[in-house]
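Here is the structure we will look at, set down as C-alpha cells.
Because only heavy atoms are used, hydrogens play no part in the values below, and waters and symmetry mates are left out as well, while side chains stay in.
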Amino acid sequence: MADELPKQYNPKETESKWYEIWEKNNLFSARISPDKIPYSIVIPPPNVTGILHMGHALNNSIQDILIRYKRMKGFQTLWMPGTDHAGIATQNVVEKALAKEGCKRQDLGRDRFIARVWEWREQYGSTIIHQLKKLGCSCDWSRLRFTMDKDYSRAVVEVFVRLYEKKLIYRGSYIINWCPRCQTALSDEEAAHAELQGHLYYLKYPLKDKPSEFITVATTRPETMLGDTAVAVNPKDKRYKKYIGKVLALPLVGRQIKIIADPLVDMQFGTGAVKVTPAHDPNDYALGKKHGLEFINVMAPDGKMNALAQKYAGLDRFRAREAVLEDLKSLGCLEKITPHTISAGHCYRCHTIVEPYLSKQWFVKTKPLAKPAIEAVKKGKIKFYPDRWAKVYLNWMENIQDWCISRQIWWGHRIPVYYCKNCNSLNEKDGIIVSRTKPLECPKCKSTELIQDQDVLDTWFSSWLWPFATFYWPDDSADLKYFYPTSTLVTAPEIIFFWVARMIMAGFEFKKQLPFKDVYIHGTVRDVEGKKMSKSLGNVIDPLEIIAEYGTDALRFSLISITSAGQDVFLSKERFEQGRNFANKIWNASRFVLINLKPEEVNADLCVFFKNQKPDIANRWILSRFYSTLGKVEKDLNSYKFNEALNSLYSFFWHEFCDWYLELIKPQIAQKQTQVVMYKVLEKTLRIIHPFMPFITEEIWQRLPGAKDSIMQQKWPHQQLELISPKAEAQMQAAFDIINTIRNMRAELEVNPSGFIDIKLAIPDKVSEKSMQPLFDYIRNLARINNLSIVEKYIPQNNQYTAVLKDMHIIMPLSGLIDAAQQLKKTQSKIDKLQSEVRNKELMLANKNFTGRAPKEIVDAEKTKLTDMQTQIIKLEAIKNGLR
RNA sequence: GGGCUCAUAGCUCAGUUGGUUAGAGCGUUGCGUUGACAUCGCAAAGGUCUGAGGUUCAAGUCCUCAUGGGCCCACCA
C-alpha cells in the first residue's frame, strides 16, 4: 500500500475527490442535537456577482478552520452559507450584458428586467459557491440562503413595517449622495471620498442696486451657481459687514439673492464669501433650512441640467460647467481660477463622481437602535478580536447618522410602501400606507388606485438581518432557537460600519439579543506594495490560479501563516511556495512512516502500552513535544491567533518530528515502541493539521492502517500528560543541549547503521586529550545533573571520543576542519555577552526592590537562570580552551 | 482636524504579561545528499530592533516627544 505513495504530493487529484466524498456523506450538515453544544457561524454572504478573490480566500479559510476545529472538539457545528443579491453591483452586471445586446433596462421595463436578473442568477449566481467548495469550505450547503429568497424577503418587509410603526423609519428630503450613472442614492459609506485635482473658481456677483460693486465668491462647482439662492458671509467679517442684508443680482440667471450672515462661514477660505446652493450641497442645505431659503434644483437625475437651468438645460454637468464659465467670462464675472485639490465622493461601484443631490428618500433613525449595540460592546458581551476594532466601532456608533435606505434601482427588495393616488397627490404626507402585503384600498378614501414606491431598499437593509433571517425569522424556528445567537463572525475591517454594526443593532432590536459573541476582524489583503488588491489596479493574485498551481492546502497554509492578529496581509506569489513545500514535507514524512510501518504493531493504546513498557528517550521526547504543541495550538485557536497556531505546527512537524525524531529512530524503527509512537504521533498530528490543511491530511489519513471514516469525524486529540514526566523532558532537553553544543562547533550528526549517532567534530587536527578535558567534564557534569547515565570511551589512536548517554550513543571523532581562529573569536564574544548578562542578573538578585517585591517563584526562576548562564559560560570556556 | 496602526536581517514579516545569546520564510554564499523529501539536509554571512529622552536592577517590549509610512472617519464653498 505504502509503495503506491508517489514521491510528490499531487493536490489536484485528491482535492476534488475528497470534497465530493465529504459532501456525499453529509459530513458538513448540522443537526439539532440537544446533548451537544452548538457552534455556529454565518458566512459573510459574498455577492452573487462575485468571483473568489484573496479576501474571500482568507476570510473563508479562517471560518473553515474554526468550524473544522470545533467540529472535531465535539461541538454541533453549523456554518451557514449564502449569497447576497448586491443590488447595484448585480444590476450593473446585467445592464452591461443588456448593453451588449444593444438595449437598456428601460427598454425591457421593470418586470422583464428583474426576470432577466433572476435568469442571470440562475446561470451564474453559483460561481462563487463552487469556488468556495474548491477552497474546502465545510459549509452546510443544504441550508444555502440568498437574500432575495422568499422567506428572507418576508423578514426584510417585516423589519421595515416594524420600524415604521415604531416611527424609526421616516421619509424626508435630504441632500444625499447621488450617482448620476447608477441613478441612485448612495449612503455615505458607499460614496468614498477621493482627492483629485480641480480648480477654485472666483465668481463676481454684482450688487443689484449698484452693479459696479461686486462680491466675489469661490466655488469648485461653478455650474451650481444656477441654483444659488443666497450668498453667505461670516457676521464677524469686517470686509462684508456693510453688505449683510443687501441683494445681489445673480449673473446669467438674473435672480435676486440676499446676502446673509452665518458663523459657519470660514473667513479664511477663498474670499470669505460663499455662494449658497441649498439644493446641491449638504452644508448649503443646512444653511438653506436655517435661513428659510429657496431650494432650486437645477439638475436632472442623470447629471444633466434641467429646465430650471434655463439655457443650459440638457447639458451634462461638466459641459454645463464649461459653458457657465465661458459666459461668466464674457460678462466679466469670472475673476480668476486657481488650482485646488478637491475631495469628491465617488460611487463605490462605478467610480463616477457623486453629486450632492436633493431628493426624497427613506431613512432609518439610528440613534435609538445604536444604544443597546454600544452597550453590548462596552460591557464586553460582544468581543472584537483584535480588540482595537471595538474602539473603531464605538467611535462610529457614538456619532452615527441616520441611514438612507432607499435606492433608485430595480434589483432588490421593493419598499413596502404604497401611495394612494388620491390622497397622496393632495398632500405628500397623506395616503402613505406601509404594509406587509399590498393593500386592497386606501383606508382613508377607499380608493383602489394604489401605487407601490418605485424604490428598493439598500442591500445592507437585508444583510443586517443575516444572523437570524437565515433561520427563517420571524418564525420561531427550532434552528433559530438552537443556533442563535451565533458564535463567531469573521469579517474584514472595511465592513464594520456597513454590516457588523448594523447586524448588532438589528440583533438587539428584533431578537432582543446579540447576534454573535465574537467578532474576528482579519486584515485586508494587499499586494506587495501595500495597495489593496483590485481588478482595476491589475494587481490581483487569483486564488484559483494558486490552487491550480500549488493546491488548496498550500494556499490556505500560506494565507493563514502570514495573517498575524488582524494586520494587513502583503501578498506575493512566492509566499505560496512555502505552503506547497510544507504540504510536500507532510507527504514525504508520512510516506516514510507508512513505508516502515508494520500495521499489526500499531493498534496498541498508547496509555496501556506504556504502562508496561517505558518508552525510550526519543519516543518520550517526541510525545512530550507533541502534547506541548497541541496545547499551544489549542490556546492560540481559542484566542484567534491562527498564524501562531499554524507556525507552531509547522515548526513542530518539520523541525522536531522530521528533522530530529525521524532521524533519531531510523536505527530502531522496527522496535515495537517506536512503531507505536511514530504512528500515534503522526496520526494525531494529522488531526490537528486537518483544520488548516484539510485535503492532504484526509488523503494520508485514508492510507493509515485501520483508518476508519473520514479524518473530519475524528476527535481532536486530548492532552495526555501522564505519558511524559517533566523530568523525562528535561533529560531529553539536556541530551539535545549537549548535541547542540557539539553542533555549534560545526559538528555533523548522523545516525550510523548500528544505531549510533556519529558526531564528526570540527576541531583542529592537533588537539590534545588534555585540551578536550573541559568539554568532557562539561558533558559528564551535565549528564550527572540530569541523571543521565553516561559511559565514556576515549580512543587516542583513533582520535575518537565516545559517550553513551542512556539510550543515545554519541561518538565523536576528534578531527575536523575548522577555522579555529574565527570560532575562537566568536566564542569569546559570546562569553563576553553572557558575562555582562550575568553581571546584570547578579545585580538584579542583589536588588531588594526585586527580591523583596517580586513573587518568590519569579525570583527562584531568575536564580535558576543565573545558574544556567554561569554553566553556559563554563561550557563556552571549555569550548574555547578546546579550540586553543 | 479626530481616531487607529506600523517602523526588527537584503526582502516579507513573527516576537505573548518587560527577564537567558532577538527568531522564521524567502534570497545570498559554502558544504552535503544513491531509499521519506533537491519541493531536501547542514551551516555561514547579514541586526546600534527608525531617532531622542524617560520609567526600571533590567526595555525590541512600557511612557513622552520627534521622523517617516499605511488605514479609517469628519471637513473641504
Look through every strand shown and name the nucleotide pairing with U48(B) as Watson-Crick or G-U wobble, where both distances are under 3.5 Å. none
Rounded distance in Å between the C1' positions of U12(B) and G54(B): 33 Å
With sequence neighbours left out, the residues meeting ring-ring contact (aromatic ring centres under 6.0 Å, His included) with Y202(A) are none
For C73(B) versus G10(B), give the span between their C1' atoms, rounded off to a whole number of Å. 38 Å
Taking atom types as modelled, find out whether D228(A) and T277(A) have a side-chain donor-acceptor pair closer than 3.5 angstrom. yes
Given the C1' atoms of A44(B) and G51(B), what is the spacing between them in whole Å? 32 Å
Among all residues two or more places apart in sequence or in another chain, which pass the salt bridge (charged side-chain N to carboxylate O under 4.0 Å, His left out) test with R221(A)? D281(A), E355(A)
With C1' as the reference atom in both, quote the distance from G70(B) to G53(B) in angstrom, rounded to an integer. 26 Å
Take the protein atom CG of D636(A) and the nucleotide atom P of G15(B), then report the distance between them rounded to whole Å. 11 Å
How many Å lie between CH2 on W660(A) and P on G41(B), as a whole number? 14 Å
How close or far is atom P of C73(B) from atom CD of E398(A), stated in whole angstroms? 17 Å
Under a 3.5 Å cut-off for both distances, is U20(B) Watson-Crick or wobble paired, and to whom? none
Separation of D284(A) atom CG from C75(B) atom C1', in whole Å? 14 Å
Using whole Å, what does the distance between atom P of nucleotide G3(B) and atom CZ of F497(A) come to? 15 Å
Comparing L200(A) and Y9(A) on RNA chain B - which has the more 5′ nearest nucleotide: Y9(A)
Earlier contact from the 5' end, RNA chain B, for Y650(A) and W654(A): Y650(A)
Counting only Watson-Crick pairs (N1-N3 plus N6-O4 or O6-N4) and G-U wobbles (N1-O2, O6-N3), all under 3.5 Å, who is the partner of C62(B)? G54(B)
Identified pairing partner of C75(B), criterion: Watson-Crick or G-U wobble below 3.5 Å: none
Could you please name the partner base of C4(B), counting Watson-Crick and G-U wobble pairs only when both distances are under 3.5 Å? G70(B)
Under a 3.5 Å cut-off for both distances, is G41(B) Watson-Crick or wobble paired, and to whom? C31(B)
Cation-pi, Y650(A) ring and K585(A) (6.0 angstrom, 45 degrees): no
Protein-nucleic acid N or O pairs under 3.5 Å, nucleotides 34-36 of chain B:
unit_1: A36(B); atom_1: O3'; unit_2: R591(A); atom_2: NH1; d: 3.2
unit_1: A36(B); atom_1: O2'; unit_2: N588(A); atom_2: OD1; d: 2.9
unit_1: A36(B); atom_1: O2'; unit_2: R591(A); atom_2: NH1; d: 2.6
unit_1: A36(B); atom_1: N6; unit_2: E663(A); atom_2: OE2; d: 3.2
unit_1: A36(B); atom_1: N3; unit_2: N588(A); atom_2: O; d: 3.0
unit_1: A36(B); atom_1: N3; unit_2: A589(A); atom_2: N; d: 3.3

Quick one: I560(A) CD1 to G25(B) C1', roughly how many Å, whole number? 16 Å
Those residues at least two apart in sequence (or on a different chain) that pass salt bridge (charged side-chain N to carboxylate O under 4.0 Å, His left out) with K391(A) are none
Taking the P atom of each, how far is A52(B) from A59(B), in whole Å? 15 Å
State which residues pass salt bridge (charged side-chain N to carboxylate O under 4.0 Å, His left out) with E223(A); sequence neighbours excluded, sorted by chain then number. R321(A)
Base, sugar-phosphate or nothing for V276(A)? Non-hydrogen atoms, less than 4.0 Å. nothing
Quickly work out the Q401(A) CD to C73(B) P distance and round it to whole Å. 14 Å
Hey, what's the ring geometry for F657(A) with Y661(A), parallel, tilted or perpendicular (30° and 60° as the breaks)? parallel
Measure CG/N399(A) against C1'/C75(B) and give the value in whole Å, please. 14 Å
How about K336(A) and T338(A): does a side-chain donor come under 3.5 Å of a side-chain acceptor? no
If the condition is side chain to side chain contact (heavy atoms under 4.5 Å, CB included), which residues does A501(A) pass it with, not counting sequence neighbours? Y393(A), W396(A), M397(A)
Give me the distance, rounded to whole Å, that separates A9(B) from G47(B) when you measure between the C1' atoms they each carry. 6 Å
Whole-angstrom distance between G68(B) and C57(B), as gauged at atom C1': 34 Å
Rounded distance in Å between the C1' positions of A43(B) and C49(B): 25 Å
Taking only side-chain N and O atoms of H655(A), does any of them lie within less than 4.0 angstrom of OP1 or OP2 on G25(B)? yes
